[in-house]
Amino acid sequence: MLNKPDQLLREAKALLEKATGEADVEAVRIGFFGKKGKLTAILRSMGALSQEERKELGLRANRVKEEIESLIAEKKREISATLRSARFSAEKLDVTEPGRRPPIGNRHPITQTIGEIVRIFANMGYSVTEGPEVETVFNNFDALNAAPNHPSRDLTDTFYITKDTLLRTQTSPVQVRTLRSAAPPIKVISPGRCFRTDAPDATHSPMFHQVEGLLVDEGVSMTDLKGVLDLFAKRMFNENVVTKFRPHFFPFTEPSAEMDMSCFVCGGKGCRVCGGSGWIEILGCGMVHPNVLRVGGVDAERYTGFAFGMGVERIAMLKHGVGDIRLFYENDIRFIRQFG
Ligand code: DAH
């Protein structure tokens with residue numbers, strides 16, 4: 001009986017040596033010191049012994065208890081140190097590892113097309129200006145010489161916000177803003193969003209983009225307009241396209257024209273892209289109407305100017321062979337990536 005504590009100590013040592021986790025150590029503690037623990041049992045059984053024996057066994061049992069406790073504490077420290085160093089090495093950062101690049105997208109084809117158009121005109125000395133998408137009815141229609149009963153003012157074509165404000169139906173109101181805020185010579189282009197109540201189909205969208213152009217100076221004539229826009233068509237599509245100007249009507253220009261270019265795909269012979277005609281309509285243009293100059297505070301006796309406006313989606317569709325305008329707004333990454 002007196003040797004029992006030493007026996008338990010050996011037993012505990014052996015168990016602790018094999019212990020690898022905190023749970024193993026806890027099991028040892030309970031096995032010896034718990035309610036039904038082996039050392040607990042010895043201490044309980046002492047009542048039956050003589051006083052001498054009790055004293056001796058008590059001494060030994062307490063010594064062994066302390067020793068096992070300190071072995072347990074030591075083992076716990078050891079295990080937590082091992083766990084910590086395992087965690088540290090798992091968390092180790094290799095600072096020499098090359099970085100991982102996040103996937104990079106590409107510019108939207110409409111943004112790219114606007115960029116190309118802007119670059120061509122910037123190279124001819126035009127600066128870029130922008131106007132608001134929410135415009136006054138005055139800037140969008142009245143100041144642009146649109147008759148009070150002009151059909152484009154119709155509720156069925158225009159998103160009105162109030163009686164006096166709307167979502168601009170064209171970028172042309174930027175002409176008015178520019179004329180009012182700057183004095184000639186003026187040479188600007190203005191890309192931006194426009195809105196019309198068109199039902200979406202392959203060639204229509206209630207939101208679309210235009211690029212407007214305006215040049216005002218002394219002695220500007222129709223030949224200047226033709227030269228600039230012909231050069232634009234050649235730079236945008238290819239050197240061999242030729243252009244022609246068809247009379248047209250816009251309220252804010254007089255005379256007005258639409259510019260066609262020979263088909264950049266078939267060279268004018270007729271193909272699917274040009275619908276067999278050999279020609280492609282590309283933009284509207286004209287000499288700025290004196291009424292518009294006057295509303296803009298420009299002396300219409302002294303200055304003349306030309307203006308033009310083009311649909312960005314239409315140009316992008318032609319250039320890239322896109323058959324449906326709605327593809328531009330779905331943002332299907334498989335479509336957008338083709339313009340990377
Ligand atoms: N604003 C016209 C439209 O939306 C396009 C246009 C035609 C703009 C002739 C012009 C221009 O500046 O001179 O259809």
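All values below come from the heavy atoms of this structure, side chains included, with hydrogens, waters and symmetry mates left out. Both counts, for ligands and for their atoms, begin at 1 and track the order of listing.
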Practice item. Would you confirm whether Asp24, through its side chain, and Gly21, through its main-chain N or O, come within 3.5 Å as a donor-acceptor pair? Key: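 Side chain of Asp24 to backbone of Gly21, a donor-acceptor pair under 3.5 Å: yes, one is there.
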
Check your understanding: For Ile336, does its backbone N or O pair with a side-chain atom of Asn331 as donor and acceptor, under 3.5 Å?
Key ->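 Judged by distance alone, no pair lies under 3.5 Å.
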
Review point. For Thr113 and Glu116, does a side-chain donor sit closer than 3.5 Å to a side-chain acceptor?
Key: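 No - no donor-acceptor pair under 3.5 Å links their side chains.
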
Point to revise | Between Thr171 and Glu212, a side-chain donor and acceptor under 3.5 Å | key: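 A pair is found: one side chain offers a donor N or O, the other an acceptor, under 3.5 Å apart.
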
Check your understanding: Using 4.0 Å as the upper bound for N to carboxylate O, is an ion pair formed by Asp324 and Arg326?
Key ->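 Counted as a salt bridge, because a side-chain N and a carboxylate O are separated by less than 4.0 Å.
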
N/O to N/O under 3.5 Å, ligand 1 against protein:
unit_1: ligand 1; atom_1: 1 (N); unit_2: Gln170; atom_2: OE1; d: 2.8
unit_1: ligand 1; atom_1: 1 (N); unit_2: Ser172; atom_2: OG; d: 2.9
unit_1: ligand 1; atom_1: 4 (O); unit_2: Arg196; atom_2: NH2; d: 2.9
unit_1: ligand 1; atom_1: 4 (O); unit_2: Gln210; atom_2: NE2; d: 2.9
unit_1: ligand 1; atom_1: 12 (O); unit_2: Gln175; atom_2: NE2; d: 3.0
unit_1: ligand 1; atom_1: 12 (O); unit_2: Glu212; atom_2: OE2; d: 2.6
unit_1: ligand 1; atom_1: 12 (O); unit_2: Phe308; atom_2: N; d: 3.3
unit_1: ligand 1; atom_1: 12 (O); unit_2: Phe308; atom_2: O; d: 3.2
unit_1: ligand 1; atom_1: 13 (O); unit_2: Ala307; atom_2: O; d: 3.1

Practice item. Any pair with a residue in residues 261-287 that passes side chain to side chain donor-acceptor pair (under 3.5 Å), sequence neighbours left out, goes on the list, sorted by first then second residue, please. Key: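 Sorted pair list comes back empty.
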
